[in-house]
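Note on naming: letters A, B, ... go to the chains in the order of the sequence lines (proteins, then strands), and numbering restarts at 1 for each one.
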Amino acid sequence: MKINLLVFGIARDILGYAQHEMSIQSDMRIQDLKHKLSEEYPDFKKLAKFDIAVNQEYQEDSFVLSERDEVAIIPPVSGG
Amino acid sequence: MKINLLVFGIARDILGYAQHEMSIQSDMRIQDLKHKLSEEYPDFKKLAKFDIAVNQEYQEDSFVLSERDEVAIIPPVSGG
Amino acid sequence: MINVKLTIDPLSVTACEKMIEDDQAGGHVVFIGTVRNHTSSKKVLFLDFEAYGPMAEKEMHKIAERALSKFEVKHIVIHHRVGQLEIGEIPVVIAVASAHRKAAFRACEYCIDSLKETVPIWKKEHFEDGEVWVAAHP
Amino acid sequence: MINVKLTIDPLSVTACEKMIEDDQAGGHVVFIGTVRNHTSSKKVLFLDFEAYGPMAEKEMHKIAERALSKFEVKHIVIHHRVGQLEIGEIPVVIAVASAHRKAAFRACEYCIDSLKETVPIWKKEHFEDGEVWVAAHP
């Protein structure tokens with residue numbers, strides 16, 4: 001299935017793109033996505049942390065992704 | 001001896017004046033002045049409290065007044 | 001920097017904020033007091049503020065000095081107005097700048113709390129059916 | 001009342017303060033963040049702020065709603081700017097109005113603390129010799 005991956009801040013520097021239609025296995029959980037990203041791009045392991053938002057809401061590691069979800073990689077925020 | 005008494009807020013309503021050159025006995029302490037005021041004007045006893053400033057500084061009850069001091073009656077403040 | 005003012009003229013919040021601008025200070029906290037239209041369910045028409053002017057400015061300065069020594073802040077402005085104030089008008093503005101925001105919040109609150117305890121300023125509330133010196137009686 | 005805005009245009013502190021005016025609210029607390037000219041002794045030239053726009057506004061709104069339910073306050077305005085900001089410019093303004101000042105201080109601090117924890121906005125500091133995403137690394 002496909003998700004729409006949005007990438008911000010330092011995560012965009014790591015991946016090299018801001019947006020990407022990504023093919024993933026069905027029923028992938030957020031923890032699986034985080035693991036996959038960290039394995040393919042070890043620089044993710046150097047971050048203080050990174051979160052995942054699905055359809056503009058933070059979600060837990062156990063959350064299961066669905067077809068067409070808008071999935072955002074949220075590195076440590078620093079607004080204000 | 002004489003002091004220059006300044007009177008503010010509700011204290012002015014009680015005494016009926018804002019400023020007064022008052023004759024007092026030498027070496028009068030603030031507690032004596034407070035007592036004198038409260039005896040002559042019982043409405044002072046109804047206040048939440050009142051303080052005395054001498055030459056624009058708050059002073060304790062034990063403070064001794066001097067000739068020509070600027071003595072202010074400070075009823076409960078309510079700025080801000 | 002400390003700036004303290006007691007004035008009969010309307011206060012400018014913007015002017016207070018300008019005074020504390022500093023390229024080294026990233027956190028600015030401003031307290032603005034305004035005249036409310038009621039106290040404990042009674043409708044307020046307007047307020048009168050009077051002050052023991054010279055002492056009030058001295059006390060405001062002392063408060064700012066104490067706040068500068070207690071908290072890691074750079075600049076403190078305390079302006080207070082006297083005279084007759086209508087509903088919505090501004091009797092007090094306190095502006096604080098610091099490198100870090102927590103100190104600015106603490107210092108600003110310290111200043112307004114202290115001002116209401118020690119600065120010789122008195123307000124009289126005017127209602128339709130009378131008037132009262134605020135806080136005078138228990 | 002809640003008003004939340006993410007914008008590329010300069011923020012107006014005065015506009016935020018105007019929005020929270022209320023004859024029933026006597027205490028107004030405003031937090032203004034500005035761009036400092038240094039971080040940990042390094043000279044900052046300018047900052048770049050980027051946001052996940054729609055989610056950032058949602059999170060700002062959630063923070064304001066939580067603050068309204070936690071504290072006795074009436075109005076909360078949270079404005080945040082994105083894009084390139086020079087030293088002294090204002091990335092964030094938070095304005096809170098309440099009947100009593102203590103709640104306004106608590107709510108304003110809660111909003112800026114929460115914003116810095118959860119709102120998807122990122123800033124990159126530009127130095128003479130490079131640039132860094134703030135807080136990205138431990």
Answer with side chain, backbone, both or neither: which region of C/Val134 has an atom nearer than 4.5 Å to a non-hydrogen atom of chain B? both

How close do C/Pro138 and B/Ala48 get, counting heavy atoms only, and between which atoms? CD-N, 3.7 Å

Tell me the closest heavy-atom pair linking B/Gly80 and C/Pro91, and the distance in Å. O-CG, 3.9 Å

Residue set satisfying side chain to side chain contact (heavy atoms under 4.5 Å, CB included) with C/Ala95, at least two apart, ordered chain then number -> C/Cys16, C/Ile20, C/Val30, C/Val77

Examine whether an atom of C/Pro54 lies under 4.5 Å from a heavy atom of chain B, and if so say whether it belongs to the side chain, the backbone or both; otherwise answer neither. both

Enumerate, including both backbone and side-chain atoms, all donor-acceptor pairs under 3.5 Å from chain B to chain C.
unit_1, atom_1, unit_2, atom_2, d
B/Gly9, N, C/Glu50, OE2, 3.0
B/Arg12, NH1, C/Glu50, OE1, 2.7
B/Arg12, NH1, C/Glu50, OE2, 2.8
B/Arg12, NH2, C/Glu50, OE1, 2.8
B/Asp13, OD2, C/Trp133, NE1, 2.6
B/Ala48, N, C/Ala136, O, 2.7
B/Gln56, OE1, C/Lys58, NZ, 3.0
B/Glu57, OE1, C/Lys62, NZ, 2.6
B/Tyr58, OH, C/Thr118, O, 2.4
B/Glu70, OE2, C/Tyr52, OH, 2.3
B/Pro75, O, C/Trp122, NE1, 2.9
B/Pro76, O, C/Trp122, NE1, 3.4
B/Ser78, N, C/Ile121, O, 2.8
B/Ser78, O, C/Lys123, NZ, 3.4
B/Ser78, OG, C/Lys123, N, 2.9
B/Ser78, OG, C/Val134, O, 3.4
B/Gly79, N, C/Ile121, O, 3.3
B/Gly80, N, C/His80, NE2, 2.8
B/Gly80, O, C/Lys123, NZ, 3.0

Heavy-atom distances under 4.5 Å only: say whether C/Ala56 touches chain B with side chain, backbone, both or neither. neither

Side chain to side chain donor-acceptor pair (under 3.5 Å) partners for B/Glu67, two or more places apart: none

